[in-house]
Amino acid sequence: MMNYYSSNHIAPEVSLQEAVVKGLAPDKGLYMPEKIHRLSVDFFDGIGRLGLEDIAKTVAEAFFGDDIPKEKLDTIVAHTLNFEIPLKKVEEGIYVLELFHGPTFAFKDVGARFMARMLSHFVQEKRQGEVNVLVATSGDTGSAVANGFLGVKGIRIFVLYPKGKVSDIQEAQFTTLGQNISAIEIDGSFDDCQRLVKEAFMDKELNARMNLTSANSINVARFLPQSFYYFHAYAQLAKQGLAKNVVLSVPSGNLGNLTAGLFAKRMGLPLKRFIAANNRNDVFFEYLKTGNYSPRASVQTIANAMDVGAPSNFARILDLYGNSHEAIVNDIAPARYADNEIRNAIRSVYERSGYLLDPHGACGYLALQKQKKPDETGIFLATAHPAKFKETVEKCIGKPIEIPSGLKIFMQRNKQSEALSSAFKEFKTRLMSSI
Ligand SMILES: *Cc1c(COP(=O)(O)O)cnc(C)c1O
């Protein structure tokens with residue numbers, strides 16, 4: 001059995017099941033696996049011959065193999081990864097890992113689909129009672145979680161989103177599903193949505209009556225599976241004999257994606273270093289530069305999924321490196337880009353190579369273009385499909401782009417959502433009415 005400890009080191013260790021069902025530790029810390037196993041030399045020697053699913057099964061076993069039967073775990077992995085994660089060359093020495101070929105066209109599909117299946121396993125096999133997942137979203141998280149959990153027995157999803165503040169495509173992805181998904185439109189801001197979720201987790205009466213959990217990247221079942229594709233990216237370079245001095249550039253907001261990469265490195269994946277690419281929300285950038293961490297309110301940018309002022313997985317990075325700023329900056333370099341730099345990158349890359357970046361991937365690209373050394377091979381993560389940011393991207397390149405048919409489908413369905421004020425009392429009554 002693998003235990004999970006809190007990054008605050010106050011709350012007691014728990015089992016995988018409890019870490020997944022609870023999400024956050026009672027001392028408000030983030031759960032960390034007590035061991036990070038190094039994978040064998042043989043695995044890395046032969047990685048270029050392995051496909052995504054086989055790689056993911058090996059990595060999943062290293063984390064969850066003690067707690068979930070192998071056959072079940074293999075099935076969870078196979079059902080999670082029902083789409084490709086290709087590595088493509090953008091220009092000499094710079095490759096892109098396209099993480100947006102899943103059902104909602106963003107990388108969060110990987111973690112959300114895995115977490116849904118793992119939670120469902122616990123609900124069905126371990127007599128865990130019905131679980132209610134609360135998600136506050138400014139766009140992408142809601143769609144990935146809602147689609148990942150759609151139709152999963154024993155789990156109900158409540159997606160809270162700010163009225164008028166998410167794009168039409170994003171809204172359609174979580175308000176048209178029905179079944180076990182309830183979309184709740186809050187008359188307020190994203191911060192109001194987050195506050196309502198937090199208040200619900202702290203409400204004694206609610207928690208006595210319902211199992212409540214979160215599906216943000218604080219949940220170990222959501223963020224650990226994101227390490228799968230770092231191995232797969234490396235394998236695709238290894239296949240071509242190019243896996244030397246590999247640098248990973250990660251567009252970063254809550255730092256869940258980056259942290260999963262750091263875990264992959266700790267498991268022995270020979271990545272040379274990382275770059276954390278921020279937009280104007282540069283709290284982590286500042287920390288890397290100065291050693292001072294000062295969270296603050298977020299500002300709005302065109303890479304809006306990275307508009308985070310207090311990155312939740314920062315606590316995991318600190319813990320992983322024993323609170324040593326020196327060790328952290330040894331592995332992670334800072335980068336930060338303003339909206340105009342992001343727009344210029346989208347335009348110039350498209351003009352030079354025909355490759356279309358989305359605003360988040362563009363930050364990852366820029367960091368490599370500016371910081372990669374000649375003897376290094378760079379990979380940046382493309383975290384969302386450019387069509388999810390249609391207007392922004394079209395303005396950059398000056399012409400219309402195609403919307404993939406899988407995205408159009410959402411737009412054709414009927415919206416079903418409930419409107420609530422931002423008062424907690426109203427939200428609580430709504431939750432209680434579902435028991
Ligand atoms: C969530 C998200 C990010 C940020 O990922 P973190 O794990 O929070 O750092 C980047 N790009 C897109 C498109 C996202 O949806």
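Both ligands and their constituent atoms are indexed starting at 1 by order of listing. Predicted, not measured: the structure shown is a model, and the values here were computed from it. The basis for the numbers below is simple: all heavy atoms, side chains too, and nothing from hydrogens, waters or symmetry mates.
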Phe63 and Phe263 aromatic ring geometry - parallel, tilted or perpendicular at 30°/60° bounds
tilted
Do you see a donor-acceptor pair shorter than 3.5 Å between the side chains of Ser6 and Asp27?
yes
Going by distance alone, is a donor N or O of one side chain under 3.5 Å from an acceptor N or O of the other, for Asp307 and Asn279?
yes
Any N or O on Phe107 sitting closer than 3.5 Å to an N or O of ligand 1?
no
Does ligand 1 have any atom that is closer than 4.0 Å to a heavy atom of Ser252?
yes
Could you tell me if any non-hydrogen atom of Leu258 lies under 4.0 Å from any atom of ligand 1?
no
Leu255-ligand 1 polar pair, N/O distance under 3.5 Å:
yes
Can you sort out which atoms of ligand 1 are near Gly256, meaning under 4.0 Å from one of its heavy atoms?
6 (P), 7 (O), 9 (O)
What do you reckon, is NZ of Lys163 surrounded by more than 12 foreign heavy atoms closer than 6.0 Å?
no
For ligand 1, which atoms sit closer than 4.0 Å to a heavy atom of Asn257?
7 (O)
Can you pull out the closest protein heavy atom to atom 4 (C) of ligand 1? Residue, atom name and distance to 0.1 Å, please.
Gly253 N, 3.7 Å
Check whether NZ of the Lys or CZ of the Arg Arg195 lies under 6.0 Å from the centre of the six-membered ring of Phe427 and within 45 degrees of that ring's axis.
no
shortest atom 11 (N) of ligand 1-to-protein heavy-atom contact is with Thr383 OG1, 2.8 Å
Which is it for Lys388 and ligand 1 at heavy atoms under 4.0 Å: side chain, backbone, both or neither?
neither
What I want to know is whether His360 and ligand 1 share at least one N or O pair that is separated by under 3.5 angstrom.
no
From CA spacing to verdict: ring pair (Phe, Tyr, Trp, His ring centres under 6.0 Å), Phe83, His101
CA-CA 6 Å; Phe83 51 90; His101 296 278; 8.1 Å; no
Numbered in order shown, the ligand 1 atoms found under 4.0 Å of a heavy atom of Ala384 are 13 (C)
Can you tell me if Asn344 and Arg347 form a side-chain donor-acceptor pair at under 3.5 Å?
yes
Which residue and heavy atom of the protein sit nearest atom 8 (O) of ligand 1, plus the separation:
Asn254 N, 2.8 Å
I'd like to know if the side chain of Asn278 pairs up with that of Ser252 as donor and acceptor (distance under 3.5 Å, no hydrogens or angles considered).
no
Could you tell me, atom by atom, which parts of ligand 1 come under 4.0 Å of a heavy atom of Lys108?
1 (C), 2 (C), 3 (C), 14 (C), 15 (O)
Tyr350 six-ring centre to Arg352 NZ/CZ under 6.0 Å and within 45° of normal
no
Within the structure, is a non-hydrogen atom of Phe100 found at a distance of less than 4.0 Å from ligand 1?
no
Indicate yes or no: does an N/O atom of Ala106 lie under 3.5 Å from an N/O atom of ligand 1?
no
